[in-house]
Structure formats: structure tokens, C-alpha cells
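Please read the structure below before turning to the comments.
Everything numeric here is computed off the predicted structure, so don't read it as measured data. Naming: A, B, ... by sequence-line order, numbering from 1 per chain.
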Number of protein chains: 2
Amino acid sequence: MDSDPESVIGRRGSYAKGVARRKEILDRAIEVFAERGADGTSLRRIAEAIGVSHATLLHYFDSREQLLVAVYDHAEQLRSVTDDPGASAVEVMVDAATRNVGVPGMVQLYSTLVATAIEEPAGEAKDFFTRRFDVVRAESARRLREEQAAGRVRDDIDADTLAAMLVAVSDGLQTQWLLDPAIDLRETLSLFSALLAPR
Amino acid sequence: MDSDPESVIGRRGSYAKGVARRKEILDRAIEVFAERGADGTSLRRIAEAIGVSHATLLHYFDSREQLLVAVYDHAEQLRSVTDDPGASAVEVMVDAATRNVGVPGMVQLYSTLVATAIEEPAGEAKDFFTRRFDVVRAESARRLREEQAAGRVRDDIDADTLAAMLVAVSDGLQTQWLLDPAIDLRETLSLFSALLAPR
DNA sequence: GTCTATACGAAGATAGAC
DNA sequence: GTCTATCTTCGTATAGAC
């Protein structure tokens with residue numbers, strides 16, 4: 001029972017060598033996206049930056065879209081080590097947003113992939129982000145429910161609804177911040193907790 | 001003084017014929033986007049659907065991006081005739097969202113363009129949406145300020161901040177709704193007004 | 001001014017050689 | 001497993017017909 005569930009994205013070479021190479025590619029690709037944004041990152045340019053041909057990338061990932069999703073997924077897993085179960089739902093969002101502020105390229109990638117997911121009726125991105133929103137909302141709702149029980153969050157509105165709002169505010173504010181850095185992402189998101197205070 | 005400011009996007013033929021043709025193209029393009037989404041809409045496919053060559057489109061618009069922005073802009077102007085100055089900020093957002101629910105293709109286009117705006121350091125989309133977010137936030141803040149003065153909205157948080165949150169919630173929820181239609185867009189957005197109620 | 005035909009380079013993807 | 005073609009489609013640019 002050692003089926004390392006690291007990533008469900010881009011199943012391919014299940015052999016040791018392939019797995020390692022795959023990880024190498026992802027690590028290097030993350031750096032590429034962190035440097036330049038999601039723009040100008042064609043398969044060929046990514047391959048060039050890594051030092052292989054673009055066909056090689058397609059040997060490990062079925063498509064550019066799948067590679068991009070895998071990159072985002074891998075980058076996210078590297079960061080979310082901070083799993084403080086006691087943190088409030090808003091705090092978790094603020095922390096995530098704070099980390100994102102340092103790496104605009106990843107927020108760009110996120111935004112690009114969400115747009116892709118929305119455009120295509122079926123595809124890697126759609127599956128991934130539908131599931132991801134489910135997970136993030138559920139996790140957020142769980143925290144909110146605890147806070148409601150503890151009397152720290154108003155309980156006149158369903159926790160699931162509040163969770164959807166919180167995730168929406170977080171995503172929406174990051175978009176606005178990327179277009180206009182004058183927006184105080186951290187501060188505004190923090191203030192959202194005031195809206196959640198019990199009445 | 002008849003300088004019809006209809007659209008600042010894609011300046012070209014200022015002659016009668018050109019203006020009319022331009023409008024024809026936009027009207028037809030809107031239908032195309034309403035039918036299929038923003039996906040599969042290359043310049044050539046759009047041109048084909050309209051019945052012209054793709055070179056013709058570039059005669060009226062400098063680039064594909066400019067055309068897309070113009071399409072979104074034009075479609076939006078056709079709808080926002082409902083300018084009830086007395087409506088609450090949340091009501092305006094709920095109305096807009098309600099209209100959007102009927103035309104997923106336009107929400108897809110919006111999402112695609114915002115992603116483009118975020119990716120590119122400079123470009124048509126970036127200029128347009130930066131300005132647009134400014135306008136929407138300002139208009140929303142104006143309404144919220146009035147509501148605060150009338151005692152219908154809590155005034156312990158700055159109206160500009162609340163406006164940024166409201167716009168973020170609206171955008172974020174539409175994204176979630178497109179990925180999972182089980183999300184009750186109207187209802188959830190409406191409930192946001194409960195968070196804004198005075199304490 | 002309006003529009004078409006055509007050409008160019010870059011892109012994602014596939015096939016097959018090594 | 002990795003490469004070099006190669007195919008198709010894309011955005012864009014230009015030349016010129018009407």
C-alpha cells in the first residue's frame with residue numbers, strides 16, 4: 001500500500017526513473033513560471049529552459065494543459081505544508097494570499113488555468129479545479145462550522161454558503177490586486193472576518 | 001457634438017459604412033460567443049461564422065485580443081440599460097449575475113479576457129479591465145456610501161473596501177458556478193447583503 | 001475604404017528513427 | 001526515453017483588387 005498519491009495529474013511512467021525525471025521537470029518548470037508569468041510559456045520555451053525538446057515534455061505529459069495543471073498542483077503541494085488545524089478559515093486564506101503575493105507568476109498560472117477550465121466542456125483543467133474548489137470549500141466550511149460552534153462566527157448563515165463566499169472573495173481580490181497592486185490584498189481579506197463576526 | 005463615444009475600443013473606419021459594418025461584426029460575434037463559448041473561437045472561425053475572411057476582421061480590429069475586448073464591451077453595453085440609481089450595490093450585482101446566468105458564453109469570455117489581462121504586462125485587455133474594475137468599484141462604493149448614510153449598511157468598514165469585496169464575491173462566485181452549477185449564484189450573492197447589515 | 005488572397009512564423013501535437 | 005521531422009492551426013502582416 002505505497003501508492004504515493006502525490007499527484008493524480010498526468011499519469012505516465014510509473015517506474016522509478018520516470019517518476020524522478022517527472023519531478024525534475026516539474027521543479028524546473030515551477031521556477032520558469034515563477035520568473036516569467038504564465039505568458040510566453042509555450043511548450044517549446046519551457047522545454048528550452050529545462051534543456052530538453054518539447055517532444056520530451058509531451059512524453060511525460062499528454063498535453064500542455066496537463067503539464068500546466070501538474071505544475072500548479074506540484075507547486076501548491078510544496079507550500080501547503082502549513083496545515084495548522086486550529087487556524088480560522090479567514091486566516092488560512094490570508095496566509096495563502098500572502099504567499100501568493102510573493103509569486104505573481106503562480107497567481108497568473110492559477111487564473112489562466114481557471115479560465116481554461118471554464119472554457120472547455122471537458123478537460124484536465126476542468127476536472128482538477130472542480131475537484132479543487134470542492135476540497136477548498138469543504139475545508140473552509142469545516143473550519144467555519146467550528147468557529148460557529150465556538151461563537152466566533154455568526155451562525156445565521158450556513159457555513160457552506162459562507163465558505164463559498166470566502167473562497168470567492170479570496171480569488172476575486174487576488175485578481176483585482178494583480179490588475180491594480182494598490183489594492184491591499186491582505187488587509188481587505190482580513191477585514192472580511194469582521195463581516196463574519198457574530199451579531 | 002455628436003462624437004458617439006460608443007466604444008473606445010478598436011478605433012478604425014470613422015465613415016458611415018465602416019461604423020455600421022463594425023457594429024454588424026460585433027453583433028454577430030456576440031451571437032457566436034453566446035452559442036459556443038470563448039473556446040474554439042479563433043479569428044478564422046469567428047470570421048467564418050460571420051461570413052467574411054479573417055483578414056477582414058483585422059481590418060476593423062488591430063488584433064484578436066482587441067476584437068474580443070470589443071465584443072465583451074459591446075455586449076455589456078447592450079445589457080446595462082438598467083441603470084436604476086436607487087438600487088442597492090448588492091442588487092446591482094445580483095441583477096448582473098442573473099443576466100449572466102443566461103449567457104454562460106459571455107462569462108467565459110469575461111474570464112478568458114481577465115486572465116489575458118493578468119498575463120500580459122501591457123495590452124488591450126489589461127487597460128480595459130483595469131479601468132473597468134475601477135469604474136465598477138467606484139460605482140459600487142458610491143451606492144454603498146449612500147446606504148451607509150441611510151443606515152442600511154454597516155459603516156465601521158470603509159465603503160471602498162466593501163466595494164472591492166462585493167466585486168470580488170460576485171466574480172468569484174460566477175467562476176465557482178461555471179465549474180459547479182449546483183452553486184446557487186443568485187441566492188449566495190443575495191445573502192452577502194446580510195453580511196453588510198448594520199450591527 | 002473595404003475586402004480578399006496569400007505568406008510567414010510560432011504554436012500544440014504526432015510519427016517514427018535512434 | 002529522447003530526439004528530429006512533420007502536420008495542422010493559429011495570429012499577424014502585406015499586397016493588391018474593387
Side-chain angles (χ1 to χ4, degrees), chain A residues 9-26 28-29 32-33 36-71 109 112-113 115-116 119-120 122-125, chain B residues 9-29 32-33 36-71 109 112-113 115-117 119-120 122-125:
Chain A
I9 307 300
R11 320 298 295 86
R12 267 301 173 85
S14 302
Y15 293 80
K17 170 93 179 279
V19 171
R21 188 85 179 90
R22 194 191 144 79
K23 192 166 171 304
E24 266 182 57
I25 292 177
L26 287 180
R28 186 73 190 91
V32 174
F33 276 91
R36 25 200 216 259
D39 188 39
T41 48
S42 65
L43 267 185
R44 284 171 158 89
R45 307 245 301 195
I46 298 174
E48 187 187 8
I50 296 183
V52 296
S53 77
H54 71 279
T56 299
L57 293 185
L58 290 176
H59 174 72
Y60 289 96
F61 305 90
D62 291 339
S63 66
R64 178 184 125 100
E65 182 178 330
Q66 191 179 84
L67 168 63
L68 262 49
V69 171
V71 166
L109 178 57
T112 298
L113 286 176
T116 305
E119 276 176 22
E120 301 186 9
E124 312 283 344
Chain B
I9 307 299
R11 319 299 297 88
R12 267 301 173 84
S14 301
Y15 291 75
K17 169 93 179 277
V19 173
R21 191 82 179 92
R22 193 190 144 80
K23 191 167 172 305
E24 264 182 59
I25 292 177
L26 287 180
D27 285 334
R28 187 73 191 88
V32 174
F33 277 90
R36 30 197 213 259
D39 188 38
T41 46
S42 66
L43 264 186
R44 286 170 159 89
R45 307 245 302 196
I46 297 174
E48 186 187 11
I50 295 182
V52 296
S53 77
H54 69 277
T56 300
L57 294 184
L58 288 179
H59 174 72
Y60 290 94
F61 305 91
D62 291 338
S63 67
R64 178 183 125 98
E65 184 177 328
Q66 191 179 83
L67 168 64
L68 261 48
V69 171
V71 167
L109 178 56
T112 299
L113 286 176
T116 305
E119 276 175 22
E120 302 185 9
E124 312 282 345

Any heavy-atom pair between the side chains of A:V71 and A:F61 that's under 4.5 Å?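 In short, these two side chains do not touch, never coming nearer than 4.5 Å.
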OP1 or OP2 of C:dG1 less than 4.0 angstrom from a side-chain nitrogen or oxygen of B:R21, does that happen here?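 No, outside the criterion.
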Below the 4.0 Å mark, does C:dG1 have OP1 or OP2 next to a side-chain nitrogen or oxygen of B:Y60? no
Test side-chain contact (heavy atoms from CB on, under 4.5 Å) applied to A:R64 - qualifying residues, sequence neighbours left out: A:T41, A:L43, A:L68
Which residues share a side-chain contact (heavy atoms from CB on, under 4.5 Å) with A:E24, sequence neighbours left out: A:R21
Quick one: [X] [atom1] to [N] [atom2], roughly how many Å, whole number?
X	N	atom1	atom2	value
B:F61	C:dC3	CZ	C1'	15 Å
B:K23	C:dT2	NZ	P	16 Å
B:I50	C:dT2	CD1	C1'	15 Å
A:H59	D:dT4	NE2	C1'	16 Å
B:L57	D:dT12	CG	P	11 Å

Could you grab the distance from atom OG of B:S53 to atom CZ of B:R44, nearest 0.5 Å is fine? 10.0 Å
I need a per-nucleotide contact map over nucleotides 5-18 of chain C, read 5' to 3'. Cutoff is protein heavy atoms under 4.0 Å; write B for the base, S for backbone only, - otherwise. BBB---BBBB----
Determine whether the side chains of A:T112 and B:E119 contain a donor N or O and an acceptor N or O closer than 3.5 Å.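 A pair is found: one side chain offers a donor N or O, the other an acceptor, under 3.5 Å apart.
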Starting from the C-alpha separation in whole Å, work towards a yes-or-no answer on side-chain contact (heavy atoms from CB on, under 4.5 Å) for A:L67 and A:Y60. CA-CA 8 Å; A:L67 168 63; A:Y60 289 96; over 6 Å; no
